[in-house]
Amino acid sequence: MSSTDKSINKIILNTLVIALSVIISLVSIEFLLTLKNSNMKNYDIEMWKYSKELKFKSPNPILGHEHIPSKAAKLQNVDIRLNEYGMRGAKIGDLLNYDRKILFLGSSITLGWGVDEKEVFTSLLQEEFTKSSQSTLVLNAGIGNYNTERYVELFFTKLNSLGVTDIVIHYFINDAEELNSGRTNWLLKNSQLAATIWMAFQKLSFFGEDTSLVRHYKNVYEHDSDGFKKMRRSLEKISDYAKSNQVNLYLTIIPDVHNLAEYPFHFIHESMEKIAEELNFKFLDLYPAFAAIDEKDIWAMPGDPHPNALGHRIMKEQIYPILIE
């Protein structure tokens, strides 16, 4: 064997050793990350698991993704079960058993992320109606990473056959933001390491831009912004539907709970109140009920500013009166 052949073989061997070492290292890191996150206290990873276990890519590009009907998973140490319509809760069964059907549309706060099913505000409302002997069904159609355009589209394409008597838009301040299609690849969907690196990159990209949330939302709620126009058109569409079908219509706005004492987003609440009035929604601002609470007392988990069980009790106490008027 010539010296040239020996050199080539040595290069090939070294390359294989390096490649094998990299593969072993990546597999080891993946294993350690999975072990570390098995306590379900990593908010980003639990959200990643949520997408992996309870969602599928929707053929409807407006929706981006949907819940998998009749599926369940344990996420952030909370059991989340979905019924035959992909809504949180038990199987519905015969809808003819109810004189009144109240549907809540929204995102992960509506879903009750990080909160036991029995403590989610929709479950608490169902208890109230059951105690009052009213033939009422409360439905929770919240889906994580949805905005107004998406949950209104969900209603018209998947849920309008329910024959609901009441629709509540459970609005959060980012519901006028535009969302991407949720495209992903096999590696991001199945590897915690890849997902962790991607999320870290996303955060670094964000902090490289203007990080003022107030300025960001000022831009979002400019009347000529694409997200604002889509949100407005979606609410107009559901308002027209409600008028034609004699459906009671409500819009409740949930505050961001990062800084309740010096709340910077009143301009969003005022904007949504004006829209609600113009489009014949009964409006409820939930901020006053949250204002006196230390925000850390209401987070579902450190690092996760979704409202916890206390926040859901507050929402139930505020929403129930407008539903029985």
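Since the structure is predicted, the reported quantities are computational estimates derived from the model, not experimental observations. Starting from 1, each residue takes its place in the sequence as its number.
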Exercise. Of Ile143, Ile169, Ile238, Leu63, which meets side-chain contact (heavy atoms from CB on, under 4.5 Å) against Tyr151?
Worked result: Ile169

Exercise. Under 4.5 Å between any side-chain heavy atoms of Leu286 and Ile253, yes or no?
Worked result: no

Problem set entry | Closest non-hydrogen atom pair, Phe283 against His269 | CZ-O, 3.8 Å

Problem set entry | Short N-O contact, Lys49 and Glu46, less than 4.0 angstrom | yes

For this session: Might you work through the salt bridge (Lys or Arg N to Asp or Glu O under 4.0 Å) test for Glu222 and Lys218, ending with a clear yes or no?
Result: CA-CA 6 Å; Glu222 286 288 340; Lys218 289 277 189 183; over 6 Å; no

Problem set entry | For Leu103 against Ala141, the heavy-atom pair lying closest together | CD1-CB, 3.8 Å

Problem set entry | Heavy-atom check, side chain of Met231 versus side chain of Asn147, under 4.5 Å | no

For this session: Rounded to the nearest 0.5 Å, what's the gap from CD1 on Ile254 to CD1 on Ile173? Could you check?
Result: 10.0 Å

Seminar exercise, completed: Separation between CD1 (Ile275) and CG (Leu235), nearest 0.5 Å, reads 6.5 Å

Exercise. Heavy-atom distance under 4.5 Å between the side chains of Leu323 and Leu125, does that happen here?
Worked result: yes

Exercise. Which atom pair, heavy atoms only, marks the closest approach of Ser135 to Asn97?
Worked result: OG-O, 3.0 Å

Exercise. Short question: side chain of Gln126, backbone of Val138 - any donor-acceptor pair under 3.5 Å?
Worked result: yes

Exercise. Apart from Phe56 itself, what residues make up its hydrophobic cluster, given side-chain heavy atom links below 4.5 Å?
Worked result: Ile68

Seminar exercise, completed: OG1 (Thr252) and CD1 (Ile322) are apart, to the nearest 0.5 Å, by 7.0 Å

Problem set entry | Chi angles and distances behind the salt bridge (Lys or Arg N to Asp or Glu O under 4.0 Å) call for Lys101, Asp166 | CA-CA 6 Å; Lys101 287 165 282 192; Asp166 303 75; over 6 Å; no

Problem set entry | Those residues that, when tested against Lys243, pass side-chain contact (heavy atoms from CB on, under 4.5 Å) (two or more places apart) | none

Exercise. Taking the side chain as C-beta and beyond, is there a heavy-atom pair between Val164 and Leu159 under 4.5 Å?
Worked result: no

Distance-only criterion, 3.5 Å: show the donor-acceptor pairs between side-chain atoms of residues 288-303 and protein atoms not counting sequence neighbours.
unit_1, atom_1, unit_2, atom_2, d
Asp294, OD1, Lys296, N, 3.0
Trp299, NE1, Val257, O, 3.2
Trp299, NE1, Glu295, O, 3.2

Exercise. Who are the side-chain hydrogen bond (donor to acceptor under 3.5 Å, both in side chains) partners of Asn83, not counting sequence neighbours?
Worked result: none

Problem set entry | Pair Phe129 and Tyr320, ring centroids less than 6.0 Å apart | yes

Problem set entry | Non-neighbouring partners of Glu153 that pass side-chain hydrogen bond (donor to acceptor under 3.5 Å, both in side chains), sequence neighbours left out | Asn60

Seminar exercise, completed: Minimal heavy-atom distance between Leu249 and Ala242, with the atoms involved, is CD2-CB, 3.7 Å

Exercise. Under 3.5 Å, is there a donor-acceptor pair between the side chain of Ser212 and the main chain of Arg215?
Worked result: yes

For this session: State plainly whether the residues Asp224 and Lys229 are in salt-bridge range, i.e. N to O under 4.0 Å.
Result: no

Problem set entry | Sequence-distant partners of Glu117, salt bridge (Lys or Arg N to Asp or Glu O under 4.0 Å), two or more places apart | Arg81

Exercise. How far does CD of Gln76 sit from CG of Asp304, to the nearest 0.5 angstrom?
Worked result: 4.5 Å

Exercise. Quick one: does Ser239's side chain have a donor or acceptor within less than 3.5 Å of a partner on Leu279's backbone?
Worked result: yes

Problem set entry | Any Glu270 side-chain heavy atom under 4.5 Å of Asp285 side chain | no

Exercise. Is there a donor-acceptor pair under 3.5 Å between the side chain of Thr148 and the backbone N or O of Asp175?
Worked result: yes

Problem set entry | Counterpart residues, salt bridge (Lys or Arg N to Asp or Glu O under 4.0 Å), relative to Glu325 (two or more places apart) | Lys282

Exercise. Which pairs count as side-chain hydrogen bond (donor to acceptor under 3.5 Å, both in side chains) when at least one residue sits in residues 307-317, sequence neighbours excluded?
Worked result: Glu128-Lys316

Seminar exercise, completed: Taken in chain and number order and not counting sequence neighbours, the residues that satisfy side-chain contact (heavy atoms from CB on, under 4.5 Å) with Leu82 are Leu54, His67, Ile80

Exercise. Should Thr165 and Tyr98 count as side-chain neighbours, where that means a heavy-atom distance under 4.5 Å?
Worked result: no

Exercise. Are side-chain heavy atoms of Glu66 and Lys158 found at a separation under 4.5 Å?
Worked result: yes

For this session: Taking the side chain as every heavy atom from C-beta outward, state whether Leu137 and Leu95 have any atom pair closer than 4.5 Å.
Result: yes

Exercise. Residues in side-chain contact (heavy atoms from CB on, under 4.5 Å) with Thr110, at least two apart?
Worked result: Phe104, Phe121, Asn140, His170

Exercise. At their closest point, which heavy atom of Met87 faces which heavy atom of Ile92, and how far apart are they?
Worked result: CE-CD1, 3.7 Å

Problem set entry | Shared hydrophobic cluster for Ile319 and Leu124 (ILVMFWY, side-chain gaps under 4.5 Å) | no

Exercise. Do NZ/NE/NH1/NH2 and the carboxylate oxygens of Glu178 and Lys230 come within less than 4.0 Å?
Worked result: yes

Problem set entry | Glu84 and Lys71 ion-paired at < 4.0 Å | no

Exercise. Any donor and acceptor pair, going by atom type alone, linking the side chain of Asn174 with main-chain N or O of Glu177 inside 3.5 Å?
Worked result: no

Exercise. Between Ile62 and Leu105, is there a shared hydrophobic cluster once you connect ILVMFWY residues whose side-chain heavy atoms come closer than 4.5 Å?
Worked result: no

Seminar exercise, completed: When rounded to the nearest 0.5 Å, the distance separating OG of Ser58 from CZ of Arg150 is 9.0 Å

For this session: Give a yes-or-no answer on whether the side chains of Ser234 and Glu149 include a donor-acceptor pair shorter than 3.5 Å.
Result: no

Exercise. Does Ser271 use its side chain to pair, donor to acceptor, with the backbone of Phe267 at less than 3.5 Å?
Worked result: no

Seminar exercise, completed: Interatomic distance, CG@Leu162 vs CD1@Ile167, rounded to 0.5 Å, equals 10.0 Å

Exercise. What pair of heavy atoms forms the shortest contact from Tyr221 to Tyr171, and how long is it?
Worked result: OH-OH, 2.7 Å

For this session: Kindly check if the number of other-residue, nucleotide or ligand heavy atoms within 6.0 Å of CD (Glu236) is above 12?
Result: yes

Problem set entry | Test of ring centre spacing under 6.0 Å for Phe265 and Tyr217 | yes

Problem set entry | Residues that Tyr146 engages under ring-ring contact (aromatic ring centres under 6.0 Å, His included), provided they are two or more places apart | His65

For this session: Give every residue pair that meets the ring pair (Phe, Tyr, Trp, His ring centres under 6.0 Å) criterion with at least one member in residues 228-249, sequence neighbours excluded.
Result: Phe155-Tyr241, Phe156-Tyr241, His223-Phe228

Exercise. Using 30° and 60° as the class limits, which term best fits the ring planes of His306 and Trp113: parallel, tilted or perpendicular?
Worked result: tilted

